[in-house]
Amino acid sequence: MPELPEAEAARQRIEAGALNRTITGVFLGEVSHMSLPSADELAGFVGTQFTRTQRHGKYIFAGSKDGPWLHIHLGMAGSLRVVDTDETPPKYVRLSIAFEGGTQLLFRDPRKFGHIQLIEDVEAFIDGKGLGPDALQIGDNAFANRVGTTRGAIKSALLSQKKLAGVGNLWADEALYQTGIHPEARACDLPTGKIASLHGTMRDILGAVIDTGAVYSKLPEDWLIHNRKVGAACARCDGGEITVKKVGGRSSYHCPAHQMRND
DNA sequence: TTTACTGTTAGGAC
DNA sequence: TGTCCTAACAGTAA
């Protein structure tokens with residue numbers, strides 16, 4: 001369920017279990033219709049080590065010291081794990097990278113929306129994609145200028161990776177829910193104080209999810225994530241009921257009782 | 001059997 | 001030119 005916190009948790013797993021270990025083999029699974037490097041290209045990593053990682057928004061990078069970077073995007077359903085080589089692999093593993101010492105990094109992606117690419121330069125890649133600042137790094141002014149000035153729905157602004165990188169449907173809904181803003185509210189009409197508190201809430205949410213390793217059951221009970229279905233009782237106000245509405249083409253779960261519109 | 005889904009992107013409308 | 005919306009991508013689960 002990959003947005004920024006899931007990507008960051010995955011990056012940390014690479015950092016903890018796959019860094020500075022010699023790569024002994026790279027294996028592709030069933031990858032029809034997927035955008036991945038060829039087996040020959042990936043074979044270039046054998047004998048080398050990943051020595052550093054980076055993340056920008058939902059984009060993960062693992063690099064060898066002087067060689068190319070492996071860029072991984074988890075798509076809609078991808079995940080990364082480090083497991084022992086003798087462990088039975090789960091279904092839908094698209095790429096596995098084996099390391100000296102008996103561990104391997106697995107890229108699992110049932111829906112095949114993820115992709116992997118070899119790149120030379122992370123900054124150039126981010127520029128080329130036109131990604132905005134990382135949602136955890138963006139400053140108050142930049143957030144206000146990029147998100148708070150949008151003429152469309154605030155929900156759509158949060159989802160735009162060009163305005164800020166890393167927020168997806170799930171955590172956009174959570175941030176608006178906890179800040180008390182209706183997903184359809186026009187961003188540029190929101191008071192500056194509301195934009196500032198949205199920024200703070202969003203940062204807190206992303207940080208808290210990362211702290212759990214993106215294990216949702218460890219998140220506080222009054223978060224929307226635990227009541228994300230139509231008709232559920234709102235945990236933040238008396239008598240509120242969760243409803244869903246398409247905003248910018250995405251299902252937007254919210255509580256109309258405490259999430260205010262501004263038009 | 002039908003429908004929806006947490007992401008990205010190309011193409012079209014305004 | 002900029003901004004926004006929709007459809008499409010592939011596979012699974014409800």
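No hydrogens, no waters, no symmetry mates; every other heavy atom, side chains included, goes into these values. The chains referred to below are lettered A, B, ... by the order of the sequence lines, with proteins before strands, and numbering in each begins at 1.
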Checklist entry - So which nucleotide does B/dT6 pair with, by the Watson-Crick or G-U wobble rule with both distances under 3.5 Å? => result none
Next on the checklist: Do A/Leu176 and A/Leu158 have side chains that approach each other closer than 4.5 Å (heavy atoms only, starting at C-beta)?
Outcome noted: yes
Checklist entry - Within less than 4.0 Å of OP1 or OP2 of B/dT8, is there a side-chain N or O belonging to A/His73? => result yes
Checklist outcome for this item: From CG of A/Leu158 across to P of B/dG7 the rounded distance in Å is 12 Å
Next on the checklist: Between P on B/dC5 and CG on A/Asp173, what's the gap in Å once rounded to a whole number?
Outcome noted: 11 Å
Checklist entry - Considering residues at least two apart in sequence or located in another chain, which fulfil the salt bridge (Lys or Arg N to Asp or Glu O under 4.0 Å) criterion with A/Glu100? => result none
Checklist entry - Hey, does A/Lys162 reach any base, or is it just sugar-phosphate, or nothing, if we go heavy atoms under 4.0 Å? => result nothing
Checklist entry - Can any side-chain N or O of A/Ser156 pair as donor or acceptor with the backbone N or O of A/Gly152 at less than 3.5 Å? => result no
Item to check | Spacing of A/Lys155 atom NZ relative to C/dT3 atom P, expressed in whole Å | outcome: 21 Å
Checklist entry - A/Trp171 CH2 to B/dG7 P: how many Å, rounded? => result 11 Å
Checklist entry - Quick one: is B/dG7 close enough that its OP1 or OP2 comes under 4.0 Å of any side-chain N or O from A/Gln161? => result no
Item to check | Below 4.0 Å: OP1/OP2 of B/dC5 and any side-chain N or O of A/Ser251 | outcome: yes
Checklist entry - When the distance from CD1 of A/Ile154 to C1' of C/dT3 is rounded to whole Å, what number comes out? => result 15 Å
Item to check | Side-chain ion pair, A/Asp189 and A/Arg151, N-O less than 4.0 Å | outcome: no
Item to check | Nearest-angstrom distance from the residue atom CZ of A/Arg186 to P of C/dT3 | outcome: 14 Å
Checklist entry - For A/Gln117 and B/dT8, what is the distance between atoms CD and C1' respectively, to the nearest whole Å? => result 13 Å
Item to check | A/Tyr59 side chain, from C-beta outward: closest of B/dT9, B/dT6, C/dT3 | outcome: B/dT9
Checklist outcome for this item: Those residues at least two apart in sequence (or on a different chain) that pass ring-ring contact (aromatic ring centres under 6.0 Å, His included) with A/His56 are none
Next on the checklist: Nearest whole Å is fine: how far is B/dT3 P from A/Lys246 NZ?
Outcome noted: 13 Å
Checklist outcome for this item: Readout for nucleotides 5-14 of chain C: B = base within 4.0 Å of protein heavy atom, S = sugar-phosphate only, - = neither; 5' to 3' it is SS--BBBS--
Item to check | Pair A/Asp222 + A/Arg236: basic N to acidic O under 4.0 Å | outcome: yes
Item to check | Opposite nucleotide pairing with B/dG12, Watson-Crick or G-U, both atom distances under 3.5 Å | outcome: C/dC4
Item to check | Note, A/Val230 side chain near A/Ile242 side chain (heavy atom, < 4.5 Å) | outcome: no
